[in-house]
2 protein chains.
Amino acid sequence: MAISRPLVNSIRSFATKTIPIRKFSPRKSSKMVAAASVSHPSELTVPNKTAHSFDKSTLDALLARRFFFAPSFEIYGGVAGLYDYGPTGSALQANILDAWRKHYIIEEDMLELDTTIMTLSDVLKTSGHVDKFADWMVKDVKNGEIYRADHLVEGVLEARLKGDKEARGVKEEEKKEEEDDKKKKKKKVVKAEAVKLDDNTVAEYEYLLAQIDNYTGPELGEIIRKHKITNPTTGNEVSEPVEFNLMFESNIGPTGHIKGYLRPETAQGHFVNFARLLEFNNGKVPFASAQIGKSFRNEIAPRQGLLRVREFTMAEIEHYVDPLDKRHARFNEVKDVVLTLLAKGVQSEGRTEIVKKTVGEAVAEGIVDNETLGYFLGRTQLFLTKIGIDPARLRCRQHMANEMAHYATDCWDFEIQSSYGWIECVGCADRSAYDLTVHSVRTKQPLRVQQRLEQPRTVEKLECTFDAKAFGMKFKKDATMIKETLLGLEKDKLQCIKDELEKGSSSVKCADGKSYEITADLVKINPITVTEHMREFIPNVIEPSFGIGRILYSVLEHTYWAREQDAARGVLSLPALVAPIKCLIVSISQDAQLRSKIHEVSREMRKRGIASRVDDSSATIGKKYARNDELGTPFGCTVDFATIQNGTMTLRERDSTSQLIGPIEDVISVVDQLVKGVLDWEGASQKLEAYSGVQDVDA
Amino acid sequence: MAISRPLVNSIRSFATKTIPIRKFSPRKSSKMVAAASVSHPSELTVPNKTAHSFDKSTLDALLARRFFFAPSFEIYGGVAGLYDYGPTGSALQANILDAWRKHYIIEEDMLELDTTIMTLSDVLKTSGHVDKFADWMVKDVKNGEIYRADHLVEGVLEARLKGDKEARGVKEEEKKEEEDDKKKKKKKVVKAEAVKLDDNTVAEYEYLLAQIDNYTGPELGEIIRKHKITNPTTGNEVSEPVEFNLMFESNIGPTGHIKGYLRPETAQGHFVNFARLLEFNNGKVPFASAQIGKSFRNEIAPRQGLLRVREFTMAEIEHYVDPLDKRHARFNEVKDVVLTLLAKGVQSEGRTEIVKKTVGEAVAEGIVDNETLGYFLGRTQLFLTKIGIDPARLRCRQHMANEMAHYATDCWDFEIQSSYGWIECVGCADRSAYDLTVHSVRTKQPLRVQQRLEQPRTVEKLECTFDAKAFGMKFKKDATMIKETLLGLEKDKLQCIKDELEKGSSSVKCADGKSYEITADLVKINPITVTEHMREFIPNVIEPSFGIGRILYSVLEHTYWAREQDAARGVLSLPALVAPIKCLIVSISQDAQLRSKIHEVSREMRKRGIASRVDDSSATIGKKYARNDELGTPFGCTVDFATIQNGTMTLRERDSTSQLIGPIEDVISVVDQLVKGVLDWEGASQKLEAYSGVQDVDA
C-alpha cells in the first residue's frame with residue numbers, strides 16, 4: 001500500500017513533520033510559503049532591546065561556547081541527529097520540564113506515568129506505527145548512497161530552477177541566497193548549474209515543489225523517472241522509492257523471537273495502562289495521564305539542529321473524557337486567553353490570515369471543536385509564553401481535513417517561528433475513541449468506563465443480531481472488529497444502516513480506516529425496548545503532545561539579542577523561571593574579606609533554594625556580567641567595600657543593566673521574591689534604592 | 001578469549017551483578033552465603049512498629065493495587081524485565097531523583113548532563129562493552145530454548161541436591177523451602193526428584209555451586225558435559241555455551257553501516273564530553289559531572305522484579321581529580337558519618353564480620369583509599385538513610401582484588417538487604433585514569449588538564465627516545481598506546497624499566513590489561529634535566545553510580561509494615577521527603593459546607609507548594625486513612641463541624657496515628673514545616689494541642 005507523508009503524519013502528527021508550511025494547501029502552497037515563511041534570518045522579529053539584526057551564527061557560537069548543547073560523541077566524529085545537553089542546556093531543560101510538571105501535572109492533578117522506551121512490536125503494530133510510520137528513500141544503484149526521496153526531488157528541482165534563474169541573468173538574488181544558505185549552515189543537496197529551462201518546465205517544477213510533501217512513494221518514483229533525477233554527486237540513477245520505517249528496531253532477549261522498537265512517542269504507554277489508571281481514579285472520567293520521557297525516530301537524513309533529531313524528550317498528556325460531555329470544569333479560567341488562530345477554513349482557501357480570538361470565542365463559534373480542547377489550547381498558550389516564547393511569533397494552526405487522521409475530531413498545532421520558519425512544537429488533538437478501541441479490540445480487554453445511571457431508564461434501542469457463522473466466514477479475523485464497531489454505533493447511524501440493509505446492503509467504517517460491506521443475511525437490526533441501569537462507553541482522548549527540544553531551542557532564539565554597543569555581546573533574556581542560574585554573586589575585587597563575604601551570601605541563597613553561582617575568578621566585573629548575560633542569568637549581586645562598611649550589596653538586572661542597592665538581607669529577600677515571580681523589577685525598585693556607582697560596560 | 005563473569009563485572013560493576021554474595025570468595029563462599037544472606041523473608045528485620053512478620057506477597061499486592069508499578073504492556077501479556085511506574089511509583093521516583101539532584105548536583109555544584117541513550121558502537125568498543133559486556137548462554141539443541149548457562153547449571157545441581165536430601169529423608173525442611181519459594185514467586189528452573197547421590201558427588205556439587213559465578217563459558221561447558229546436564233523441561237542436550245552481548249543493538253540511519261547500542265550506563269556520555277566540561281570549568285579540576293537517565297541491558301532471562309530489569313534509571317557522578325591530590329575540600333563535613341564496612345581483608349579470609357567506622361577513621365586507617373572516595377561514601381550513606389533506607393540493613397562492601405577491574409584503585413558497593421538478599425544498589429569506584437585514557441588514545445584528542453606551575457621548576461627526568469620505525473613495526477596498532485603508557489609512567493616505575501632494559505628486556509602493562517615486552521633497541525631511557533612551567537595530567541575519575549529502581553524498591557520494603565490489629569492493613573512509612581503525596585485532606589462527613597472547606601484548605605496548601613490530595617469520596621474516615629497509609633502519605637488533615645464553629649482542623653500523623661488540633665492556618669503552617677523537614681512530630685506537638693476525638697480504626 002502506498003503511504004503518503006500526510007498519512008504518516010496522521011498517525012501521530014508531532015514528531016513526523018518537516019516545516020509544515022508546505023502542507024497547508026497542496027495545490028496553492030508555493031505562494032503561501034513565500035507569504036508565511038521566513039527565508040532570511042535577518043528578517044526575523046527580534047527583541048526590541050537590540051539595534052542589531054538577528055545573527056544565527058553568533059547565537060550558535062554562544063550556545064556552543066556556553067555548552068548548551070553539542071553533537072553527541074563529537075570526539076568520535078558525531079552522528080547526525082544526536083545531541084547532548086551540557087550543564088546549561090540540561091539545567092534549562094530541567095527547569096522547563098519542572099515548569100511543565102507544575103503547570104500541568106501538579107496544578108491539574110494528572111496521573112503521571114513512567115513507561116518503558118523499549119516497546120513490544122505488537123503494541124506498535126496495533127497503533128499503526130509498524131505499518132505506517134515510514135518515509136520513502138531511494139538508493140544510488142551503483143554506490144548505494146541513500147537519499148530521502150522527497151528531499152532528493154526537492155533538492156534537484158530547486159537547483160535546476162536556480163540554474164535557470166542564473167542563466168536568465170538573475171544573479172544578484174542568487175548570490176544573496178547562497179550567502180544566506182551558508183549562514184544557515186543548511187546542507188544543500190545539490191549545486192546549481194546555469195542551464196536555462198523552458199517556461200513550461202519551470203511552471204511544472206514549481207508545481208511539483210509546491211506539493212512535494214503530498215506525493216506517495218510510487219508518485220515520487222514517477223517524478224524521478226520523468227524528470228531524469230539522478231544522484232547529484234555521482235550522476236548515477238537511483239532506485240525506486242522504498243519505505244523505510246522510522247522506528248529503531250531491536251530484539252528483546254536472546255531468542256530473536258521477541259521484536260521490540262524504541263517508542264516513537266510516549267502515548268502508547270498511557271493507553272496500554274488505561275485500565276489500571278481508570279481503577280486508580282475510582283472508575284471515573286474525566287482524568288488525565290501525563291508522561292515526560294525520551295522518544296526516538298530513525299530519521300533518514302536529519303538536518304535542522306535540535307528541531308529534527310533521532311532522540312528527543314517529549315511531554316504528553318492523554319485526557320480521557322466522556323464522548324457525550326467534552327466540557328471542562330476549569331474552562332472559565334482560560335476563556336479569556338487570546339489565541340492567534342490560523343483556522344482550517346482560511347487555509348483551504350489558500351490564505352494565511354490569522355485571527356486573534358479568545359478561547360471562549362473560538363469554542364463558542366465552533367472554530368475549536370469543544371471546551372476541553374479549547375481549555376488545553378489556552379493552558380498551552382499560557383505555558384509557552386511563561387517560559388519565554390514570544391507571543392508575536394506563536395500561532396495555533398488547525399489541521400485541514402486531509403491532514404488529520406480519519407478518526408480525529410479536531411487538531412491544532414502550536415507553531416513557533418524561528419530562523420527555520422514556522423515549526424510545530426505542540427500538537428493538540430481530539431483523537432476520539434480510536435486508540436483505546438484498537439488496543440481493546442486487539443487484546444480483548446475492555447477499556448471502557450461503566451457509569452451507574454442515577455435513575456434506571458427505559459430506552460428504545462436497535463439491537464444487532466448476527467448470524468455468527470456466516471459473519472465469521474465472510475470477515476474472518478476482522479469479524480470481531482466489525483461487530484464491535486456496529487455494537488458501538490449511535491442509534492442514528494445504526495438506523496441509517498438498518499434502512500440501507502432493507503434496500504440490499506450497507507457498509508461499516510471501522511477503526512482500521514476501511515469500510516466493510518454487510519448484508520441483511522449477516523446481521524439483523526431490530527428495535528427493542530430495554531431498561532438500563534448502567535451506561536458503558538469508551539472514553540475519547542484529547543492529547544496535548546509537546547516536543548521539548550523544539551520548544552527549548554525556540555526559547556533560546558526568542559530570548560537572544562545583542563547589546564547595542566557590541567553585536568558580539570549576546571544576551572539570553574531567559575525568564576527567571578527557566579534560567580539555568582538565577583543569580584550571580586561577585587565581589588568588586590579579589591580582597592580576602594570580600595571573597596569570604598560572597599561565599600556567605602551564596603550560603604544564604606542556597607538556604608532559600610535560589611540556584612546561584614559565585615564567580616570568584618580574576619576576571620573584571622564587566623567580563624563576569626557579560627559571561628552571565630550569555631548564560632541568561634537574570635540577576636547579579638555585587639559586594640564591594642561598602643558591604644564591609646555598611647552591610648549593603650548591589651543588585652543588577654540583566655536586561656536593563658540597571659542596579660539597586662540595599663542591606664544584604666533585604667537584597668537576598670528581593671532576589672528570592674523576584675525568582676519566585678511574586679515581585680517584578682519595578683516592585684524591586686520600590687523596595688531598594690537606585691544605584692549608579694559601578695559601570696557595567698567593560699569586557 | 002574466554003570471559004568470566006568477574007571480568008564482565010570489571011567493566012562496570014553496578015549493572016551486571018546478580019546477588020553478589022556468591023562472589024566474595026570463590027573457594028569459601030558457600031558458608032558465607034548461609035551466614036550473610038537471608039533465605040526466608042520472614043527472618044528479615046522489619047520495622048518495630050508491627051507485630052506481624054514481613055510478608056512479601058501482601059506488599060506485592062499493595063504495590064499492584066496502588067499502582068506503584070506493573071509489568072509493561074500487561075494487556076499484551078508483558079515481557080520479562082520491563083516495568084511501568086504508575087502515578088504513585090512515578091511520584092516516588094521523581095521525589096527520589098529530586099532529592100538526589102539537590103543532595104549531589106545542587107549542593108555540590110556539579111555539571112549536569114543529558115547525553116543520548118543511542119550510542120555509537122565505536123564509543124562502546126573503546127570502553128570495552130562491545131567485547132566484554134556479555135553473559136554465557138546455552139540452547140536446547142532440538143527446540144532452541146535458551147538458558148543462561150550459569151543459571152541452568154545452578155538450577156539442575158540445586159535440584160539434584162534437593163532430590164538427594166529428599167531421598168535421605170530430610171523432608172521437613174524441603175517442604176518449608178518449597179512454600180517459601182511459592183511465596184517469593186521465584187521461578188524455579190528445575191523440579192527436584194528424590195534420587196540419592198553418593199557423598200563425593202554431593203561435595204562436588206556443593207563446591208561447583210559455591211563458585212558458580214566464577215566459571216568461564218568453556219568451563220561451564222565442561223561442567224555441563226561432565227555432569228550430563230540437559231534441558232530440564234525436554235531432557236534434550238544443550239549446546240556449548242556461547243557469549244550473548246547484553247547490549248540492545250540497532251542501526252542508526254537507513255544504511256545499516258552505522259551501528260548503535262542503547263547505552264548500558266550513562267558514564268560514557270560523560271567521558272566523551274570531558275574536554276567541553278573541563279573548558280566549562282575554566283580548565284580546573286576537581287569538578288564533577290552528573291547525569292540521571294535510562295540505561296538498558298538485554299538480560300538473557302531476567303527475574304527478581306525491579307531488581308533485575310532490561311530498562312532502568314541510573315544516576316551517575318563522575319568526579320575528576322588530580323591523581324596526586326585526592327583530598328576533598330568538604331571532607332570534614334562527612335568525616336563523622338558512621339559506615340558499616342565489610343572490607344576486602346575480612347572477605348578474603350572467608351569471614352563476613354562487619355565493622356562500624358567513621359569515614360574519617362576508614363580513610364585514616366587506609367581501609368578506604370582516599371578522601372574523595374571516603375567523602376562520597378559518607379554523602380551516600382546520608383542520602384540513602386534520608387530517603388528511607390534502614391541503616392541497619394545497609395552496608396558498604398569492598399571489592400576484592402579479583403573482583404575489581406585491573407585499573408581500579410578501590411571500589412565499594414552500598415548493599416541493601418531486602419527479601420532478595422544483600423543487593424548492590426550503589427557502586428563507588430576510583431577508576432583511575434582508565435576511561436579518559438582509552439578514549440583519548442582512540443580518538444587522538446587530548447583529554448588532559450594543564451596546570452601552570454606557580455614557580456618554574458628544574459627537574460631530573462627520565463626521557464624515552466623511541467626508534468619510531470622499529471617500534472611501529474613491532475607493535476603496529478598498539479604502538480601509540482604503549483608509547484603513551486611509557487610517557488605517562490612515574491619516574492620510579494620508569495627507573496625500574498630502565499634497569500631491566502639494561503639487563504635485556506622489560507614489559508609495559510597497558511590500559512587494555514595486557515603486558516607488552518620491550519627491548520633496548522626499541523626505546524632508550526636517559527636522565528635529563530628540564531625546566532617545567534606547566535604540569536599536564538589525565539585526571540582520575542571517582543564514580544558513584546546509583547541504580548534508582550533498586551533503591552526505590554528497597555525503600556518500599558524497608559518502610560512497609562502492617563498495623564497490629566490487622567496484618568492486611570499495610571503502611572508505607574515513607575519519609576515526607578519522598579512520599580508521593582504529603583498530605584491527605586478529608587472531611588468528617590459529606591456535608592456541603594465541609595466539602596467546600598476541604599477544597600479551600602487544598603488551595604491554600606497548593607499555594608505553599610505542598611503536594612496534597614483531597615479525598616471527597618463517600619468512604620468512611622477510617623477507610624480513607626487506611627488508603628493513604630498504603631500510599632505512604634505522612635499527614636492527614638480532617639475538617640469537622642468544629643471547623644465551622646471554631647475554625648479548627650485536626651492533623652494526623654501516619655505512623656503513630658496520633659492527632660493534634662489547632663486553627664486551620666496554624667495546622668497548614670505546621671504541615672508546611674513538617675514537609676520541609678524543619679519540624680518533627682514532637683515539635684509539632686508543642687505547637688498544636690493533642691486531640692483524641694476521632695477514632696482511627698475502621699476499614
Side-chain angles (χ1 to χ4, degrees), chain A residues 67 70 72-76 79-80 82-87 89-91 93-94 106 109 111-120 122-123 137 144 146 244 248-255 258 262 269 272-273 275-277 280 282 294 296 298-301 310-311 439 443 445 611 613 617, chain B residues 67 70 72-76 79-80 82-87 89-91 93-94 106 109 111-120 122-123 137 144 146 244 248-255 258 262 269 272-273 275-277 280 282 294 296 298-301 310-311 439 443 445 611 613 617:
Chain A
F67 201 2
S72 302
F73 351 106
E74 203 179 11
I75 60 171
Y76 280 81
V79 175
L82 292 175
Y83 290 89
D84 291 344
Y85 290 98
S90 294
Q93 180 182 250
I106 308 286
D109 229 348
L111 305 183
E112 190 166 3
L113 288 173
D114 181 15
T115 71
T116 56
I117 290 168
M118 182 59 71
T119 307
L120 192 60
D122 281 358
V123 174
M137 66 175 185
I146 289 173
F244 176 67
F248 285 100
E249 191 181 321
S250 200
N251 288 311
I252 305 175
T255 62
I258 308 177
L262 303 189
V272 296
N273 280 302
R276 278 187 185 275
L277 290 168
F280 191 86
N282 299 322
K294 289 273 185 92
F296 293 76
N298 199 3
E299 291 284 346
I300 291 176
R310 285 172 164 149
E311 179 174 338
H439 285 298
T443 61
Q445 302 290 321
R613 190 148 212 199
S617 71
Chain B
F67 201 1
S72 302
F73 351 107
E74 201 179 11
I75 60 171
Y76 281 81
V79 174
L82 292 175
Y83 291 89
D84 291 345
Y85 290 98
S90 294
Q93 181 182 249
I106 308 287
D109 229 349
L111 305 183
E112 190 165 2
L113 288 173
D114 181 15
T115 71
T116 57
I117 289 167
M118 182 59 71
T119 307
L120 192 61
D122 281 357
V123 174
M137 66 176 187
I146 289 173
F244 175 69
F248 285 100
E249 190 181 321
S250 200
N251 289 310
I252 305 175
T255 62
I258 309 177
L262 303 188
V272 296
N273 280 302
R276 278 188 184 274
L277 290 168
F280 190 87
N282 299 322
K294 289 273 184 93
F296 294 77
N298 199 3
E299 291 284 346
I300 292 176
R310 285 172 164 150
E311 179 175 337
H439 285 297
T443 61
Q445 302 289 321
R613 190 149 212 195
S617 71

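Proteins get letters first, then strands, A, B, ... in listed order; numbering begins at 1 in each.
Looking at I146(A), the atoms closer than 4.5 Å to chain B (heavy atoms on both sides) all sit in the side chain, from C-beta outward. With a 4.5 Å cut-off on non-hydrogen atoms, F244(B) touches chain A through its side chain but not through its backbone.
Contacts with chain B were tallied for R613(A), Q445(A), E249(A), R276(A); R276(A) has the most, counting heavy-atom pairs under 4.5 Å. Each of D122(B), I117(B), T119(B) has some count of heavy-atom pairs under 4.5 Å with chain A, and the biggest count is that of I117(B). Among the candidates S250(A), A91(A), A70(A), G89(A), the residue making the largest number of heavy-atom pairs closer than 4.5 Å to chain B is S250(A). When each of T255(B), I106(B), L120(B) is checked for heavy-atom pairs under 4.5 Å with chain A, L120(B) comes out on top.
For F280(B), the ring pair (Phe, Tyr, Trp, His ring centres under 6.0 Å) test picks out no residue, with sequence neighbours left out.
Side-chain atoms of P87(B) and E112(A), non-hydrogen and from C-beta on, never get closer than 4.5 Å to each other. Side-chain atoms of I252(A) and R310(B), non-hydrogen and from C-beta on, do get closer than 4.5 Å to each other. The closest side-chain heavy-atom distance from F67(B) to L113(A) is below 4.5 Å.
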Given side chain to side chain contact (heavy atoms under 4.5 Å, CB included), test T116(A) with V79(B) step by step and report yes or no. CA-CA 11 Å; T116(A) 56; V79(B) 174; over 6 Å; no
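With N298(A) contributing its side chain and N251(B) its backbone, the two residues share a donor-acceptor pair below 3.5 Å. A side-chain donor-acceptor contact under 3.5 Å links E311(B) to the backbone of M118(A). In this structure, the side chain of T443(A) does not engage the main chain of Y76(B) through any donor-acceptor pair within 3.5 Å. The main-chain N or O of G253(A) is never found under 3.5 Å from a side-chain atom of E299(B) such that the two would form a donor-acceptor pair.
In this structure, OG1 on T115(B) lies 10.5 Å from CG on L82(A), to the nearest 0.5 angstrom. Distance check, rounded to the nearest 0.5 Å: CZ of F296(A) to CG of L262(B) gives 6.5 Å. Taken from CG in D114(B) to CD in Q93(A), the straight-line distance is 5.0 Å, to the nearest 0.5 Å. Taking CG from D84(A) and CG from N273(B), the interatomic distance works out to 4.5 Å, rounded to the nearest 0.5 Å.
Closest heavy-atom contact between M137(A) and P254(B): SD-CB, 3.5 Å.
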